[in-house]
Amino acid sequence: MQTTTATHAGGNADLLSGILGVEIRNEEKITAQDRLFCEKQQEMLYNVLEQIDQWYGIFTKEAEKYRESHRISYKENGEIRHTYSTADSEYKDYTVHTFKPFKAINGLVSSNLNANKGFAQRIIGYFNRTYNVSVPVPEINGNTLKMGSRPHYMTYVDAVIEHLGGRSFRKTAEEELIKRFHQLVKPHRWSKVKPELKGDKISFPNIVVFDSFYYDYNRTNHVHYNYHGNISTLCEGIAFGSDDVLCGDKGMVMRLNQDNVDISGWYDLMTTNATGIKFFRNGRVDVRFQNREAASLCFNRLRLDELRLQEE
């Protein structure tokens, strides 16, 4: 029987044509935690693919019974093709009602493709989330993906690193974070103020806007919908600048409710070196640190000294 030219488990890694043809390398550019995640995903994928292969083997063996009567053949990806004339004797002896594995075979081919797609999405999605980068998931050609193939996670890691120009995830993530942060805090064209280091605090002007409707009718400081993302971007930068981590977001501001912001006092922060954040009615946000040194370190790590006013 000849079904596909599949590479079975334990054989060569599936190259998936173009994108997976990258030589396995760059492993030194990922952390032990990254590697542990990828290896676990690969182990789970292989377990599923092994089961798919076992059933595929059973059903393709069953399909051989119909090779002549249904003129079966197989596509490159393992799908089965068949034809049958209703005038044949099958209708005379009730064999028309017997189980035929054609639909099951093609369903397994579809499952094989979806499992491989899910693996690619999880590996690249992990690095996108962990390092705040935006790498697209490569397309897998379902017409050429062979049954029995086994992708290796490093082929996707290589694809990500190559997309980033060969730089490490960490370096790229830092650069993109600082770029996003500068987009948020840089002075407007005619602005007279910019982020300022004040002892153990950093002051950021024009970060949020409160919705006037809510204030006029409810006397609540409701962050305008268009500015919800600003607080997360600000916190992302503060977490990096103060604690050298890439996981900051608005969740690190304890008890913050963007629908009713308390401007009368300080909110505690979950970071170590940045201890508090205060919002002002005019949109300014101050961040307080453990000491002057911690504030200065954050200011410099975020390269806030590079920001200039139009008149400077």
With side chains defined as the heavy atoms from C-beta onward, is the minimum distance between Ile277 and Leu234 less than 4.5 Å? yes

So which atom in Ala274 and which in Leu269 form the shortest heavy-atom distance, rounded to 0.1 Å? O-CB, 3.6 Å

Could you check whether His70 and Phe102 have their ring centres less than 6.0 Å apart? yes

For a quick test of reading the model, state the closest non-hydrogen atom pair linking Leu177 to Leu246 and the distance between them. CD1-CD2, 4.0 Å

Verify whether one side chain among Arg284 and Asn206 offers a donor that lies under 3.5 Å from an acceptor in the other. no

Determine whether the aromatic ring centres of Tyr214 and Phe210 lie less than 6.0 Å apart. no

Under 30°, 30 to 60°, or over 60°: which ring-plane class applies to His224 and Tyr227, parallel, tilted or perpendicular? perpendicular

In short, His152 meets Phe119 closest at the heavy-atom pair C-CE2, 4.4 Å

Measure from NZ or CZ of Arg219 to the centre of the six-membered ring of Tyr215 and say whether it is under 6.0 Å with the direction within 45° of the ring axis. yes

side-chain contact (heavy atoms from CB on, under 4.5 Å) between Ile178 and Arg303, intermediate numbers included: CA-CA 8 Å; Ile178 291 174; Arg303 305 206 293 262; 3.5 Å; yes

Would you call Asp200 and Arg288 a side-chain contact if the rule is heavy atoms closer than 4.5 Å? yes

Chi angles and distances behind the side-chain contact (heavy atoms from CB on, under 4.5 Å) call for Asn112, Leu145: CA-CA 9 Å; Asn112 181 66; Leu145 176 64; 3.7 Å; yes

Any side-chain heavy-atom pair of Glu196 and Lys201 under 4.5 Å: no

Should the ring pair Phe37 and Tyr126 be called parallel, tilted or perpendicular, given that the plane angle runs from 0 to 90° and is split at 30 and 60? parallel

I'd like to check Arg301 versus Asp244 (side-chain heavy atoms, cut-off strictly below 4.5 Å). Are they in contact? yes

Keeping Tyr153 on the side-chain end and Lys40 on the backbone end, is there a donor-acceptor pair under 3.5 Å? no

With the threshold set at 4.0 Å, does a side-chain nitrogen-carboxylate oxygen contact exist between Lys65 and Glu62? yes

Can you find a pair of side-chain heavy atoms, one from Phe289 and one from Ser296, that are under 4.5 Å apart? no

Electrostatic pair Lys179:Glu176 at N-O distance under 4.0 angstrom: no

Under 6.0 Å from the CE atom of Met44, do we count more than 12 heavy atoms belonging to anything else shown? yes

Any donor-acceptor pair under 3.5 Å from His228 side chain to Val223 backbone: yes

Using the ring of Phe280 (Phe, Tyr or Trp, six-membered ring only), decide whether Lys278 places NZ or CZ under 6.0 Å from its centre and within 45 degrees of its axis. yes

According to a 4.5 Å side-chain heavy-atom criterion applied to Ile, Leu, Val, Met, Phe, Trp and Tyr, with indirect links allowed, do Ile263 and Tyr267 form part of one hydrophobic cluster? yes

Does the side chain of Arg180 come under 3.5 Å of the side chain of Thr233 through a donor N or O and an acceptor N or O? no

State, to 0.1 Å, how close Ile202 and Ala295 come at their nearest heavy-atom pair, and which atoms those are. CD1-O, 3.6 Å

Can any side-chain N or O of Asn218 pair as donor or acceptor with the backbone N or O of Thr220 at less than 3.5 Å? no

With a 4.5 Å limit on heavy-atom distance, are the side chains of Met252 and Ile238 in contact? yes

Hey, are the side chains of Thr60 and Tyr74 touching, using non-hydrogen atoms and a 4.5 Å cut-off? yes

Atom CG of Leu113 and atom CD of Glu79: how far apart are they, to the nearest 0.5 Å? 9.0 Å

Is there a path of hydrophobic side-chain contacts, each under 4.5 Å between heavy atoms of I/L/V/M/F/W/Y residues, joining Val137 to Phe127? yes

Is Arg150 salt-bridged to Glu50, cutoff N-O under 4.0 Å? yes

Would Thr271 and Asp243 count as a side-chain hydrogen bond (donor to acceptor under 3.5 Å, both in side chains) if you check the C-alpha gap in whole Å, the side-chain angles of each, and the deciding distance to 0.1 Å? CA-CA 7 Å; Thr271 43; Asp243 290 4; 4.6 Å; no

Residues Arg67 and Glu64 bridged, charged N to O under 4.0 Å: yes

Test ring-ring contact (aromatic ring centres under 6.0 Å, His included) applied to Phe204 and Phe181, step by step: CA-CA 11 Å; Phe204 298 95; Phe181 194 78; 5.8 Å; yes

